[in-house]
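Lettering follows sequence order; numbering is per chain, from 1.
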Amino acid sequence: MKKTILVILLVLIMFTAACGTPAITPDGDRQKETDIPTEAAPAQKGDEKITLHAFQYVLENQQVDFENLWFYKELEKKTNIHIKWELVKDGDWKTRLNLMFASGNWPDIIIRGEVDVEEYGVTQKILVPLDDYLKEYMPNYYSRLYLNDAYASIPASDGKMYYVGNLTAQNVNHDGNHYINKAWLDKLGLEIPKTIDELTNVLRAFRDNDPNDNGEKDEIPFCAADLIHQTQGIYTHFANFGVPLQRWVYACIDDNQKVVFPGYLPGFRDACEWLHLCYEEGLLDPESITQDSNVWGTKMNAGRVGYTTYLRLINTALQPDIAKMYTSIIPPASEYGVKVPRILEVPTLGAALTVANKHIPETLQWLDAQFETETMMVSVNGPVREGGPIEPTMRINEAGKYEIIYVPENNALYQYVPVYHGQFFAPGDYYFEIYEMPPHRVERYESSKAYEEAGVLEKYSFDYLYRLSKMSNEEAIEVSRLFNEIEKFMKESIANFITNGVTDSSWQEFISTAKAVGVDRYIELYQKAYDNYLASQ
Amino acid sequence: MRKVFYRSILLRYIISYAAVMAVLFIGVGIYVNNSYASAIHANIVEENTNRLSALRIQHEEKLSALINIANQISLSPYITPFKLKDNALKAYYLKEHLISYNADNFFDQLYVVFHEDDYLYSSSTSISMDIYTEKLIYYEGISSEFLCSLLRKRDDEVYILPSMSVRSVLTSDTNKNMVTIIIPLRLDGRFSVGNAVFLVHDNAYQRMFTDEIYQIRNMYIFSGEDIISAKRPINISDEVILSEISGMEGSIIRNIALQDGSKYILFAQRGSLLDLCYVSLIPQETVQMRTARSRLAFSLFLLLLSVPCGLLTVYFANRHVRPIKEIQKSIGDEITSEDGFSAIKKGIETLKGQNKDLHTRLDESKDVCRADFVKKFVKCRFSSRELAVNIANSLGMNIDRSFYCITLISALQAESKGLELLKALFADKGDVNAYGMEIFDQEQYLFVLFTDKEEDLETWVNNAKFALSALDNEAVIAVSNTHVDFSEATNAYLEASTAYDNRFVMGNEHVLWFSDVSSAAKDIEPFTENYLDGFRKALYAGDANALHDRIDELFQILKKKKFSLFAFRIIYNEIISMLLNKYLSYDGVSEQSIKYYDIFELSRCRRVSDLTEILRQLCNDILLKEEQNMPDENSVIGQVIDYIRENYADPGLSMGTIASIHGMSAANLSLKYKEQTGMYPSEYLMLLRMEKAKELLLGTNMSIQDIGTSVGYYDASSFIRRFKQHMGITPAKYRILVKNIN
């Protein structure tokens with residue numbers, strides 16, 4: 001009997017051996033280490049290649065082939081982490097982001113762009129709180145996090161950090177710098193306009209006098225891209241009327257530290273009326289409320305635009321010969337004075353991890369590898385050493401600082417390094433110590449400094465409300481819902497005012513609708529949060 | 001080889017099993033092989049047809065979704081055609097409205113174009129047609145004018161621009177292939193007012209073409225003669241495919257053979273939407289490879305299966321052969337001499353013969369058992385009548401009758417098997433059951449006759465006498481009295497024996513009836529009672545002197561009284577019975593050991609001195625048993641042996657001398673010696689002398705006379721006689737014979 005069982009077992013074993021196939025050992029795909037433009041390699045390279053799904057924010061006017069970007073290829077060799085990119089353009093970001101969260105098909109990591117950490121971190125708990133990991137897995141980032149109190153705005157209402165910050169400090173900053181076509185002014189013998197009226201006249205002159213000298217009436221005296229764009233949208237022109245309107249929060253802090261609704265500010269109606277005047281008179285590009293920055297950029301580079309707002313001139317989407325035509329001006333002032341939204345140098349979202357991520361330590365190490373000083377500088381400015389995809393764009397000068405040698409034209413840097421799309425964390429003290437400011441940084445700094453000196457920057461910043469004031473979770477959710485309502489209302493109202501003008505009745509309707517959509521409650525919640533913030537300082 | 005095959009049963013079994021399995025394997029192999037090729041071909045065809053159907057359904061679902069989006073846009077309140085320059089706010093609302101379609105992941109970009117306007121609208125921007133076609137998007141191989149005309153087309157048909165490289169800052173990825181699908185927008189579902197333009201990443205198509213399980217397969221989606229998108233791992237000209245599907249309806253599955261010899265299977269299905277044609281192509285090699293793989297796998301499977309089957313074959317063959325080998329061993333045949341089955345057959349035939357012999361012997365032994373029963377019956381060895389009857393029944397004897405008697409018949413001299421003859425002679429003698437035995441020493445036959453009527457006994461005896469007389473004129477037949485009680489069998493025997501012994505007086509012409517000679521027994525009883533009482537007392541008192549005095553007394557009485565032979569034997573029997581009962585009460589004493597006192601010996605006891613000697617020996621035995629709890633006497637026997645060894649050459653050595661030296665009687669010494677060594681000292685002495693004589697006969701040249709003298713014989717003749725008795729030949733012949741052998 002025993003022998004029978006033995007024979008049956010033997011048969012079974014042979015069957016099992018016959019049916020099983022030899023396990024295929026996953027090939028580690030170990031790539032030969034190539035020259036990596038970094039000094040140190042803090043990230044530990046794992047034995048097996050890990051693939052992460054990244055939900056990546058992409059600037060509207062940039063074309064980036066992330067998969068083949070030299071920088072990320074080198075980073076992959078170093079960390080053995082491969083990224084599967086899902087690219088989302090700026091214009092689609094909010095919709096696609098919310099749809100992504102709602103779908104339940106979450107990526108491993110969200111890179112750049114704005115994310116409502118209160119909603120998706122504190123409330124829905126889709127984002128991973130990183131506090132317990134940072135010291136261990138992100139030594140580079142952690143070493144800078146507390147410099148200049150850079151971390152202060154990161155913790156959410158529950159005190160946890162749901163994202164890795166992105167910060168480029170220059171100690172004074174603003175978006176939406178005003179530029180006028182100096183070449184055209186010179187051609188027409190005009191002065192730089194200082195008031196709205198002078199500006200209006202200059203625009204009319206641009207419209208009527210063929211300043212581009214091509215015999216066609218193709219000049220666009222005044223051009224903006226989209227309503228709300230932070231650097232070249234219509235919103236930036238409310239600054240001329242003492243309304244520091246921006247897209248992030250429909251509230252601003254007046255000089256008395258009162259939180260106010262921009263629509264209630266005295267210059268708001270006049271701003272709308274002036275914009276309508278420009279629209280009516282053909283001064284303002286009628287596409288300004290619909291076109292994106294690409295279309296705007298096309299018009300700019302065609303040399304058709306007289307007056308606009310933008311981030312800066314050097315190292316942008318503008319062709320150098322076009323950029324040279326423009327000069328930065330203090331926003332022409334209305335009777336309400338000028339108030340350009342001030343940007344506080346607080347971190348934006350660099351990266352956030354979702355709970356779908358099964359490789360949190362490895363992901364954070366991959367991020368931290370990008371915070372290593374030279375890697376980080378390369379990611380924004382291009383290679384510093386020979387052997388890269390292009391000639392080194394930077395060098396290390398006598399003072400031991402990274403210094404820009406040249407900036408490739410037409411935003412060519414985006415073909416090799418992520419620039420804006422990557423990880424960067426440089427609080428002021430750290431940044432000035434390692435970096436010799438390049439022309440485009442100098443330009444930005446100079447114009448912000450000029451605005452500051454001219455007193456056209458708002459005294460306080462909306463960032464106090466947007467980034468530093470913390471609400472309770474319930475209030476944060478309420479504010480988030482109110483924001484959606486108010487944003488829709490404001491965009492529609494402004495578009496309507498621009499195209500159809502402002503009448504008393506339409507103005508009254510605006511005021512009453514503002515109340516109806518909960519502007520007062522919105523302001524109240526921010527006031528409370530700001531008061532708490534002030535009290536905590 | 002042939003011999004080995006025929007002789008090894010194991011090999012025959014293994015080869016038989018293997019042959020059966022080989023037939024099975026080959027049969028299954030041929031069947032599976034034949035059915036595999038067609039099954040695999042059918043399977044691949046079904047698989048590819050399903051795959052192509054899945055692609056068609058998936059793509060049509062996606063197209064339907066796009067058409068639905070176009071329809072929804074058509075039905076929305078923002079669709080009323082406008083010109084941006086006239087009404088920028090409408091453009092704003094349209095743009096905001098288009099955001100809601102971003103949720104669809106299939107397409108990358110969606111633009112709305114109105115026939116009467118110069119702009120395109122998407123969820124993120126408005127673009128003038130010239131900027132769009134000239135500055136912001138570049139279709140490889142398509143001019144901006146042609147692109148513009150496509151975007152503005154008014155034929156109210158869905159148009160699909162095949163996948164081609166598109167470079168644009170507007171798309172989420174650049175320099176990638178895009179499929180452009182242009183769907184008309186109809187106001188109220190009727191009037192064409194513009195187009196919805198969808199830019200779909202070719203990746204989305206490639207995903208549809210991709211299988212979870214990789215298989216080399218080209219896949220195409222045709223729109224007319226244009227390939228909207230395709231996946232082409234197999235290098236084959238698109239024209240070949242186009243020529244195959246041109247004019248097809250429904251679906252086709254077709255084998256294609258190219259001039260270079262390569263062969264393919266083409267699957268094509270006509271879609272229900274937009275008259276698209278879905279095609280897939282696989283190399284014939286796939287079928288062949290898979291068939292070959294399957295065959296190989298099945299062959300390996302059979303091969304693997306054959307290993308356990310082989311093991312099982314050996315196991316079962318061995319299991320079947322083992323008992324055969326055991327049978328061979330048990331019948332004691334030579335296993336290797338011939339093949340196992342023949343050996344078994346021969347063995348079984350031998351066993352059958354042996355079995356027959358055994359039965360014959362068993363039948364014969366039944367007579368022996370019956371004779372033994374008769375002997376025990378006569379000796380009264382059964383404790384009860386019931387036991388005797390039961391044992392007799394088991395031997396096929398019927399003794400449960402009212403009367404019985406014992407008859408002694410003289411042996412038939414001429415016949416060696418006289419008893420069988422007599423049994424046959426008396427077999428059918430009416431109501432009398434006669435069971436007999438032969439008393440060899442007395443040359444007599446003893447029959448016990450059982451019957452329910454006394455008169456039948458007489459008839460039987462007379463018939464017997466008549467029959468015997470016919471055989472032998474000198475035949476004697478003596479009969480005891482008729483008895484009822486089985487415990488009187490011994491007396492019955494003595495009665496018959498006494499009657500038999502009276503043949504010299506009464507002659508043998510007639511039956512010798514004990515009743516005719518029993519008058520002398522009348523004077524026995526008074527003596528017996530008195531004497532036996534005294535004897536019994538002395539015995540149970542264990543008083544040796546008193547016992548011997550009683551024996552002396554008996555000797556004297558018997559001499560004086562002149563009892564008849566029968567009386568003498570009755571007395572003798574009484575005393576012996578009493579002594580036996582006493583003797584048998586000792587442990588370790590069996591009836592075998594008292595054979596010496598056999599009742600049948602008694603008939604030879606004809607003198608008073610014989611009786612007294614037997615009595616003395618028996619009493620000594622009893623007294624010896626009484627003394628066995630006393631100090632061990634082995635050492636005494638050892639001394640006797642030593643003494644015999646030292647003095648065997650002395651012709652005067654006698655048992656009496658030895659006994660007196662060791663302080664015991666000769667009879668006592670003999671008994672103790674026999675008890676310890678299994679033989680009498682006289683036997684041992686003779687044995688010792690014969691062994692020494694043989695040594696001298698072979699080892700020396702001494703004369704026979706000298707040898708006889710040296711081993712304790714007075715003269716050569718005594719020695720020669722003894723030697724001949726012991727060895728069967730004379731010493732001189734022995735010496736010659738053994739020396740010749742050596």
Proximity breakdown for A:T499 and chain B, heavy-atom pairs closer than 4.5 Å
side chain
Are B:S126 and A:E287 linked by a side-chain donor-acceptor pair shorter than 3.5 Å?
yes
Applying the side-chain contact (heavy atoms from CB on, under 4.5 Å) criterion to A:T298, which one of B:D130, B:I127, B:I131 satisfies it?
B:I131
Which atoms form the tightest heavy-atom contact between A:P286 and B:A88, and what is the distance?
O-CB, 3.5 Å
Value rounded to 0.5 Å, distance of OG1 in A:T95 from OH in B:Y101:
13.5 Å
CG of A:N294 to OH of B:Y132, rounded to nearest 0.5 Å, is 12.0 Å
Examine whether an atom of A:K299 lies under 4.5 Å from a heavy atom of chain B, and if so say whether it belongs to the side chain, the backbone or both; otherwise answer neither.
side chain
Would one find more than 12 heavy atoms of other residues, nucleotides or ligands at under 6.0 Å from atom NZ of B:K231?
yes
Portion of A:L227 that has a non-hydrogen atom of chain B nearer than 4.5 angstrom
side chain
Taking atom CD1 of A:I494 and atom CG of B:L89, what is their separation to the nearest 0.5 Å?
12.0 Å
Spatial distance of atom CG (A:D226) from atom OG (B:S124) [nearest 0.5 Å]
8.5 Å
For the atom pair OH (B:Y92) and NZ (A:K491), what is the distance rounded to the nearest 0.5 Å?
4.5 Å
Should we say atom CD of A:E509 is surrounded by more than 12 heavy atoms from elsewhere, each under 6.0 Å from it?
no
So with a 6.0 Å cut-off around CE of B:M289, is the heavy-atom count from everything else above 12?
no
Would you say that more than 12 heavy atoms from the other residues, nucleotides or ligands in this model lie under 6.0 Å from the CD1 of B:I216, or not?
no
Sort A:D90 into side chain, backbone, both or neither according to what part of it lies under 4.5 angstrom from a heavy atom of chain B.
neither
Pair A:D285 + B:K85, salt bridge at N-O below 4.0 Å:
no
Considering all heavy atoms of both residues, which atom of A:T290 and which atom of B:K95 are nearest to each other, and what is their separation?
O-NZ, 3.3 Å
